[in-house]
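Chain naming here is simple, since letters A, B, ... match the order of the sequence lines and numbering starts at 1 in each.
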There are 2 protein chains.
Amino acid sequence: MTTARGSTRDAIVTAALELFREHGFEGTTMRAVAERAGVSVGNAYYYFSSKDELVQGFYDQLVAEHRAAALPELAGRSDLAERLRLTLNAWITVAEPYRAFAGRFFAVAAQPGNPLSPFSPQSGPARDAAVDLYRDVLEGARVDVDAELGRELPELLWLQHLGVVLFWVHDTSADAARTRLLVDRTVPIVARLVRLSRLPVLRPLGRQVVDVVRLLRGT
Amino acid sequence: MTTARGSTRDAIVTAALELFREHGFEGTTMRAVAERAGVSVGNAYYYFSSKDELVQGFYDQLVAEHRAAALPELAGRSDLAERLRLTLNAWITVAEPYRAFAGRFFAVAAQPGNPLSPFSPQSGPARDAAVDLYRDVLEGARVDVDAELGRELPELLWLQHLGVVLFWVHDTSADAARTRLLVDRTVPIVARLVRLSRLPVLRPLGRQVVDVVRLLRGT
DNA sequence: GCGTAGTGTTGAACATGTTCAAAACCTGGA
DNA sequence: TCCAGGTTTTGAACATGTTCAACACTACGC
C-alpha cells in the first residue's frame with residue numbers, strides 16, 4: 001500500500017481515534033489500529049512509542065476544539081460568571097462524544113511522570129494553551145481584582161476546569177446533566193470569591209492563595 | 001507446599017505488597033507474586049480478579065495506619081489548623097515508603113467505574129472511614145460553624161486530603177518536602193475559611209458550597 | 001548507474017495479564 | 001469406608017502490548 005509522503009503518522013492517529021470512538025480504549029488493539037491504518041504493528045510503534053502516546057493526539061485536538069467553540073460564545077459577554085459558565089459548558093459539549101472512555105485517558109494522564117499528565121513538562125504547551133483560554137475569559141470580564149491575585153487567577157480557573165473534568169469522567173447521567181449542574185453551582189461561588197477577594201477581611205487570604213498556586217506550579 | 005487454613009489469600013497479599021515495594025507496580029508480575037506466595041498463577045486469580053484488585057489490600061492498610069498514626073497526635077490539641085496539619089502530615093509519613101509507585105495505584109483508582117475509585121460504591125467503607133477521621137479532627141477542635149455547613153465539612157476536608165494526595169504522588173522532592181510545604185500553606189487557608197464562614201457576607205457562599213458538596217456526593 | 005547512509009517498514013518473537021477446563025482436595029452424610 | 005457436591009488449585013493456553021533484527025526504500029555523492 002502506497003501512501004503520500006509523511007501521511008503514515010496521520011493515518012495511524014486517524015485510525016486510532018476512529019477505533020477509540022467505536023470500541024473504547026481497552027477495546028482497541030494495536031493490531032487493529034495498524035490494520036485499519038494499513039501498516040504493520042511495528043510501524044505504529046515506529047511513530048508512537050506506546051499505546052498511551054496515541055492519546056496525545058486526542059488530547060491536543062480536544063483543547064483546540066474547546067478554544068474554537070468557546071471564544072465565539074464569549075463575544076459580547078462581560079459578566080465573569082456568565083463567561084465561566086459558557087466556557088465550561090463548551091467543554092462539556094465538545095468532549096461529550098468521548099465521555100464514555102475519556103476516563104481511561106485521564107487515568108493514564110494522571111500518572112506521575114507520564115508525558116500526558118497535565119503537570120508534565122511535555123504537556124507544557126497544551127497546558128499553557130488551556131490556561132490562556134482562561135486568561136481570555138478573565139480579561140474580557142469587567143472585574144477588578146488585586147494585581148497579584150490576578151496574575152495567578154487564570155491558573156486557578158484552569159484548576160477549577162480540571163476539577164470539573166474529573167467529575168465529568170465519573171458522570172454517567174444523560175447528556176452530562178449532572179456535570180452541567182455542577183458548573184451551574186460552582187461558577188457563582190468562584191465568581192463571588194473573585195469579587196469578594198478585594199474585601200479587607202479577605203486580603204490576607206488572597207495572598208495565601210497566591211502562594212499556594214505558585215507552589216503548585218513549582219516556583 | 002502446605003499452608004494453614006484460609007491463609008492463601010493473605011500469603012498473596014503479603015507477597016504482592018513486598019514485591020510492589022521492591023519493584024513497583026509495573027515491575028511486579030503476577031507470576032512473581034504467585035511464586036513468592038507459593039501458589040499458582042491461576043490461584044492468585046481465584047482470590048483477586050485482577051492485578052489492580054491486589055491494590056485494595058494496600059489501600060485498606062494505608063487508611064488504617066493513617067488513622068492509627070493520626071489519632072494519638074491529636075490528643076490535647078484543639079486548634080483546627082494544628083489538628084489539620086498533624087493529620088495531613090501523619091498521612092505523608094505513613095505513606096512515604098510507597099510514594100515512588102503510589103502514582104500507579106492512584107491512576108488505577110482514578111478510573112471511573114473502577115472499584116478502587118474513591119468515589120465507587122465498593123470504596124464506600126474505606127471512604128467513610130477516611131471521612132470519619134476528619135469528623136474527629138473537626139469535633140476535637142474549638143470552632144463554631146454553621147450547623148448545615150458543619151455536616152458537610154468532614155467531607156470537604158477529605159476532599160482537601162485528596163488534593164494533597166494528588167500533589168503528593170507527583171512530588172519528587174526529598175522526604176516529600178514540597179508536599180509538607182503545601183500542607184503548611186493550605187491548612188491556614190482552610191482554617192481561616194472555616195472561621196470566616198460565619199460572617200454575614202459569606203453566609204450565602206457557605207450555603208452554595210454545601211449544595212456543591214451534596215451534588216458531589218450524589219444526593 | 002552505483003554504492004551508502006539514513007529513513008521507513010515488516011512480522012515473528014517475547015512478556016505478561018487473564019482465562020479455563022481439568023485435577024486435587026475437602027467435608028458432611030449414608 | 002465411600003460417595004457427592006462444593007471449594008481450591010493447577011498450569012497450559014490465550015490475548016495483546018511491545019521489541020527487534022532484518023529488509024525495503026529513498027536521497028545523495030561520485
Side-chain angles (χ1 to χ4, degrees), chain A residues 1-20 22-58 101 103-105 107-111 113-116, chain B residues 1-20 22-58 101 103-105 107-111 113-116:
Chain A
M1 176 164 305
T2 46
T3 39
R5 255 183 81 83
S7 72
T8 305
R9 191 191 172 90
D10 287 349
I12 294 169
V13 170
T14 304
L17 285 186
E18 280 176 24
L19 287 167
F20 285 163
E22 288 171 27
H23 307 116
F25 184 73
E26 310 283 53
T28 300
T29 71
M30 289 300 280
R31 287 165 179 79
V33 171
E35 190 182 0
R36 181 164 305 190
V39 302
S40 69
V41 189
N43 201 12
Y45 276 91
Y46 179 76
Y47 288 100
F48 300 91
S49 63
S50 74
K51 187 179 175 184
D52 287 353
E53 202 166 289
L54 278 172
V55 178
Q56 185 82 53
F58 160 79
F101 61 97
R104 243 2 263 263
F105 290 179
V108 167
Q111 285 177 108
N114 189 292
L116 277 183
Chain B
M1 175 163 305
T2 46
T3 39
R5 253 182 82 82
S7 70
T8 306
R9 191 191 172 89
D10 287 349
I12 295 168
V13 171
T14 304
L17 285 186
E18 279 176 26
L19 287 166
F20 286 163
E22 287 170 28
H23 307 115
F25 184 72
E26 310 283 51
T28 300
T29 71
M30 289 299 281
R31 286 166 180 78
V33 171
E35 190 182 1
R36 180 164 305 191
V39 300
S40 68
V41 190
N43 202 12
Y45 276 92
Y46 179 76
Y47 288 100
F48 299 92
S49 63
S50 73
K51 187 179 176 184
D52 287 353
E53 203 166 289
L54 278 173
V55 178
Q56 185 82 53
F58 160 78
F101 62 96
R104 242 359 265 263
F105 290 179
V108 167
Q111 284 177 110
N114 189 292
L116 278 183

Query raised in the report: Would a distance-only check, ignoring hydrogens and angles, find a side-chain to backbone donor-acceptor pair under 3.5 Å from A/Thr28 to A/His23?
Result: no
Query raised in the report: Reckon A/Phe48 touches a base, only the sugar-phosphate, or nothing at all at heavy-atom distances under 4.0 Å?
Result: nothing
Query raised in the report: Counting only side-chain N and O atoms of B/Tyr46, is one of them less than 4.0 Å from OP1 or OP2 of C/dT19?
Result: no
Report task. Would you mind reading off the distance between A/Asp10 atom CG and C/dG8 atom C1', rounded to a whole angstrom? Result -> 15 Å
Query raised in the report: How does DNA chain C look in dot-bracket form if you count Watson-Crick and G-U pairs under 3.5 Å, write [ ] for pairs that cross, and put | where a base pairs with another strand?
Result: ||||||||||||||||||||||||||||||
Report summary line: From CD of A/Glu35 across to C1' of C/dT10 the rounded distance in Å is 15 Å
Report task. Measure from CZ on A/Arg31 to C1' on D/dG17 and round the result to the nearest Å. Result -> 7 Å
Report task. Return the value, rounded to whole Å, for the distance between atom CE of B/Met30 and atom P of D/dG11. Result -> 16 Å
**Report entry** Validation row: B/Thr8, B/Tyr46 side chains within 4.5 angstrom (heavy atoms)
**Finding:** no
Query - Distance below 4.0 Å between A/Ser50 side-chain N/O and D/dG17 OP1 or OP2 - result: no
Query - Among C/dG17, D/dT16, C/dT18, the nucleotide that comes nearest once only the side chain of B/Thr29 is considered - result: C/dG17
**Report entry** For A/Val33 against A/Ala15, the heavy-atom pair lying closest together
**Finding:** O-CB, 3.8 Å
Report task. Name the closest nucleotide to the B/Val39 side chain, picking from D/dT10, D/dT18, C/dG8. Result -> D/dT10
Requested in this report: State, yes or no, whether a side-chain contact exists between B/Arg36 and B/Glu22 at a heavy-atom distance under 4.5 Å.
Outcome: yes
Requested in this report: Look only at the side chain of B/Lys51 and the backbone of B/Phe25, and say whether a donor-acceptor pair between them is shorter than 3.5 Å.
Outcome: yes
Requested in this report: Could you please name the option among D/dT10, C/dT9, D/dT18 that lies closest to any side-chain atom of B/Asn43?
Outcome: D/dT10
Report task. Mind calculating the distance between NE2 (A/His23) and C1' (D/dT16) to the nearest angstrom? Result -> 16 Å
Requested in this report: Among the candidates D/dG17, D/dT10, C/dT18, find the nucleotide nearest to the side-chain atoms of B/Lys51.
Outcome: C/dT18
Requested in this report: Rounded off to whole Å, could you give me the CD-to-C1' distance for the A/Glu53 and D/dG17 pair?
Outcome: 14 Å
**Report entry** Rounded interatomic separation in angstrom, taking CZ from A/Phe25 and C1' from D/dG17
**Finding:** 10 Å
Report summary line: Nearest heavy-atom approach of B/Ala44 to B/Ile12 is CA-CD1, 3.8 Å
Requested in this report: Kindly say whether A/Asp10 contributes a backbone atom to a donor-acceptor pair with the side chain of A/Ser7 at under 3.5 angstrom?
Outcome: no
Report task. Could you check which of C/dT9, C/dG17, D/dT9 has an atom nearest any side-chain atom of B/Ser40? Result -> D/dT9
**Report entry** Any B/Tyr45 side-chain nitrogen or oxygen under 4.0 Å from OP1 or OP2 of C/dT18
**Finding:** yes
